[in-house]
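The chains referred to below are lettered A, B, ... by the order of the sequence lines, with proteins before strands, and numbering in each begins at 1. These figures come from a predicted structure and were not determined experimentally.
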Amino acid sequence: MTTVTASASGVRWTKKHLLGLEELSADEISLILDQAAEFKRLAAEGETKLASLKGTVVANLFFEPSTRTRTSFSLAAKRLSADTVDFTASSSSLSKGETFYDTAQNIEAMGVDQVVVRHSTSGAPHLLSKLLKASVLNAGDGTHEHPTQGLLDIFTIREHRQKIAGLTVALVGDILHSRVARSNIWGLKKLGARVIVCGPSTLIPAHVERLGVEVSNNLDEILGQCDCINLLRIQFERQRSAFFPSIREYAHFFGMNGDRIRRSKSDVLILAPGPINRGVEITPEVADGPHSVILDQVTNGLMIRMACLYLLHNRRQEEYS
Amino acid sequence: MSPDTLADASGYMTKVIPSESPMSTTLIRGGRIIDPSQNIDRVGSLFLRNDRIEGIDTGASVADHVIDATGLLVCPGLIDIHVSLREPGDEKDETIESGTAAALAGGMTSVACMPDTSPVVDNRAAAEFVQLQSERAGHCNVFPLGAVTKNNDGEELAEIGQLVEGGAVGFTDGKLTVANAEIMRRALEYTRMFGRPIFNHPQVPELAAKGIMHEGYHSMLLGLRGIPAGAEVIMVARDIALAEMTGGHVHLMTLSTAGAVDQVRRAKAKGLRVTAEVTPHHLALQDVALQSYDPNFKVDPPLRTKEHIDALIEGLRDGTIDVICSDHQPFADEKKQNELDSAPAGVVGLETLLPICVKTLIEPGHLTWAKLIAKLTINPATILGIQKGTLKSGHDADITIIDPTTAWRIDPTKFRSKGRNTPFSGWEVKGRAHLVIVAGKVRYHV
């Protein structure tokens with residue numbers, strides 16, 4: 001295989017942790033995307049099992065329920081021949097009064113090299129990274145960042161359009177509570193895209209325009225400008241009060257349906273981080289239609305996570321050699 | 001209730017810590033005496049006889065004990081109007097013994113403590129227990145604040161009159177806002193009869209629910225749930241309206257917003273019985289500190305932005321804000337050192353109040369020493385209705401001698417408090433209690 005050790009401009013991977021896209025440079029993001037592309041090429045050639053992480057342990061530490069991201073990370077680690085251990089909040093000792101720190105330290109004591117952490121509190125992976133010798137990969141922290149999701153969204157767009165710079169990408173829906181939105185905004189802006197956030201005014205946080213994005217409350221108005229539309233999941237479980245009157249009203253104004261597709265650019269890409277609420281943010285006609293790249297996102301997620309585990313592992317190897 | 005009742009309540013408290021040698025005199029000489037209650041700020045000598053102040057510059061040159069205070073500030077004992085001592089119920093966080101030891105080390109000779117213990121101080125026996133424990137500890141004076149409502153539930157008034165008889169000097173539900181306007185109205189009407197204030201945490205609970213930090217640019221960036229400034233502004237407006245309606249005394253705890261300061265300023269101009277306090281951490285720190293995700297920056301109300309801090313400082317300068325308090329909230333490490341959602345809000349403050357005031361208010365020239373000392377002595381004493389915070393002849397000999405110039409480094413491992421949850425660890429500061437006298441007796445000395 002070809003190891004991508006440096007980006008086109010010669011930047012090498014030096015970070016110990018992957019906590020968010022906010023702290024990555026455009027070159028570092030490109031490096032991950034290039035490495036993921038290399039893994040995808042190898043997979044297409046039938047090389048699905050690589051020995052890169054043999055002898056190392058990757059722990060999936062999920063303090064919040066997740067099936068897709070956990071499975072994707074777990075498979076990515078296995079493809080690279082790492083041993084994996086899974087902790088979930090329900091099976092761990094959190095319910096027995098053990099603190100977050102105790103749990104993490106116990107896992108460290110088992111000789112774990114990389115910790116993949118998902119937590120409902122923003123910043124939890126950042127706290128862990130200060131405490132552990134292991135590398136920490138953020139698999140989603142509260143309403144802050146979900147860097148591998150941002151990367152796989154960007155990877156999918158790049159795969160279809162061969163570029164990011166100059167594209168107009170809309171993030172539609174619940175921006176306020178979305179870690180996916182924040183990671184997408186950081187990554188897309190750094191790579192030169194124009195980003196519009198669109199949703200009901202209750203779900204667009206104040207000051208978001210200071211991140212260099214445009215704000216819209218009218219999907220129909222921006223449809224014709226967008227090269228890509230990323231439909232964020234309406235997170236019913238996160239909502240502590242009524243942000244909009246009804247699902248029906250939300251779908252009426254912000255749901256992507258066949259009619260809206262016909263009024264979009266003919267080559268518009270429809271992304272959704274999933275799991276999707278069919279009939280809410282997206283109709284089945286769109287989700288399963290020709291513009292949808294939703295399943296590509298899932299495939300690419302595996303490649304992105306392999307790339308992240310691989311780059312962090314190489315950096316650890318360099319540290320010890 | 002007559003003013004005599006207040007004096008009696010105070011007299012009861014001063015007997016808590018009797019002077020060991022009943023016939024002794026102390027002369028503190030060479031220091032800069034600052035007593036805002038008498039507009040005194042000059043170098044002089046202070047003479048104490050037994051547990052009482054005899055006077056300033058009495059001409060006496062001999063005494064049983066002579067203290068040289070050259071280069072130091074000699075002030076009435078500092079009073080911290082807002083501390084949580086955690087006992088009974090949460091002795092792993094703090095005890096009355098450890099909390100009052102911390103208070104002394106911070107220069108406080110008196111503290112008023114929150115009723116937010118378990119059980120809650122909502123009855124006379126609980127208030128008397130707090131005083132008994134402080135007497136046993138033998139550090140500084142403790143004035144209990146009683147609960148406004150039973151169990152701090154916000155539903156039924158606690159036995160406020162019985163609590164007054166048991167020594168409670170004011171009423172509050174601590175960090176639980178008295179949210180029901182009808183209950184707050186009745187509480188203000190009822191406490192008026194005893195001449196006691198209601199301390200309210202002015203924050204609309206629905207707007208603050210589960211919030212971690214100030215709602216603004218940084219909360220958006222960090223993905224942390226915000227508490228909007230409006231949550232405070234709205235409740236301050238309600239409390240001022242109720243103070244006007246009832247004639248009761250509302251003391252607004254730990255102001256953090258410009259809008260609240262504006263309203264208190266206007267309420268005072270109208271002559272309403274509204275007083276207010278601020279903490280040093282709300283002056284020294286901003287919301288951006290949460291970038292570290294360090295739970296020691298999670299406080300309630302949250303750290304705000306520079307424009308709010310500037311308004312708080314202006315409020316201190318022009319007298320809108322009467323008092324500086326620590327809002328001392330000790331938590332054991334296993335509670336506080338957690339991810340932000342589960343870490344409780346609050347920081348320890350007794351042992352850092354003075355130096356942070358020096359750094360944020362004295363060094364930049366916002367307040368004179370006399371103005372600062374007023375907010376730590378006579379102003380809190382007046383709000384609590386206690387005969388403290390002054391160097392007038394005949395008053396209790398509670399004295400704090402401050403070293404304003406020696407630099408030192410804040411080290412939480414040296415705290416007397418059991419709580420190590422400070423946001424100021426490692427700060428290089430000036431200003432610290434050098435010697436503290438309670439009822440004529442030296443209780444703390446660097």
Side-chain angles (χ1 to χ4, degrees), chain A residues 19-20 22-23 61 63-64 89 94 97-105 117-131 138 140-146 174-183 185-186 197 203-211 213 215 238-242, chain B residues 92-93 204-231 286-298 302-308 331-345 420-421 423 425-426:
Chain A
L19 298 174
E22 180 181 359
E23 63 253 29
L61 195 51
F63 294 96
E64 189 185 68
L94 285 185
E98 193 176 85
T99 67
F100 178 57
Y101 278 70
D102 289 332
T103 307
Q105 280 177 318
V117 60
R118 153 83 52 108
H119 202 289
S120 58
T121 300
S122 301
H126 306 69
L127 287 183
L128 269 193
S129 73
K130 287 176 195 159
L131 193 79
N138 181 1
D141 64 319
T143 56
H144 179 224
E145 280 225 44
H146 191 350
D174 181 355
I175 310 299
L176 179 64
H177 299 106
S178 178
R179 52 195 176 210
V180 177
R182 283 169 182 75
S183 289
I185 290 169
W186 287 117
V197 295
L203 291 173
I204 306 269
H207 311 292
V208 73
E209 67 287 347
R210 286 174 64 182
L211 301 182
V213 303
V215 174
R238 270 191 209 296
Q239 299 204 10
R240 60 191 161 109
S241 46
Chain B
K92 281 170 84 177
D93 298 337
V204 177
E206 299 82 10
L207 288 174
K210 294 186 183 169
I212 301 287
M213 67 179 293
H214 173 62
E215 184 175 302
Y217 174 69
H218 290 287
S219 68
M220 184 274 297
L221 209 58
L222 297 169
L224 290 170
R225 227 168 255 173
I227 300 175
Q286 297 184 33
D287 63 342
V288 65
L290 268 300
Q291 261 179 348
S292 63
Y293 291 104
D294 181 340
N296 285 330
F297 296 108
K298 180 180 173 183
L303 303 174
R304 307 257 184 211
T305 58
K306 183 165 185 303
E307 58 160 323
H308 291 294
F331 289 108
D333 275 355
E334 63 267 27
K335 291 184 190 169
K336 185 68 173 173
Q337 294 307 316
N338 270 308
E339 68 277 17
L340 283 170
D341 277 340
S342 39
R420 299 284 183 263
N421 49 310
S425 180

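- Residues forming a side-chain contact (heavy atoms from CB on, under 4.5 Å) with A:Ser129 (at least two apart in sequence, or on another chain): A:His17, A:Leu19, A:Val136.
- Residue A:Glu145 does not touch chain B at all, counting heavy-atom pairs closer than 4.5 Å.
- Below 30°, between 30° and 60°, or above 60°: for B:Tyr217 and A:His207 the angle between ring planes is above 60°, a perpendicular geometry.
- Shown here is B:Lys92, whose NZ atom has no more than 12 heavy atoms of other residues, nucleotides or ligands within 6.0 Å.
- B:Asp294 is linked by a side-chain contact (heavy atoms from CB on, under 4.5 Å) to B:Ser292, B:Asn296, B:Phe297, counting only residues two or more places apart in sequence or in another chain.
- Counting only distance, with no hydrogens or angles, the side chain of A:Arg182 and the backbone of B:Met220 share a donor-acceptor pair below 3.5 Å.
- Between atom CD of residue B:Glu339 and atom CG of residue A:Asp141 there is a gap of 11.5 Å, rounded to the nearest 0.5 Å.
- Between B:Leu221 atom CG and A:Leu211 atom CG the span is 6.0 Å, to the nearest 0.5 Å.
- With rounding to the nearest 0.5 angstrom, the CG atom of B:Leu340 is 6.5 Å from the CG atom of A:Leu127.
- A donor-acceptor pair under 3.5 Å links the side-chain atoms of A:Ser122 to the main chain of B:Gly223, judged by distance alone.
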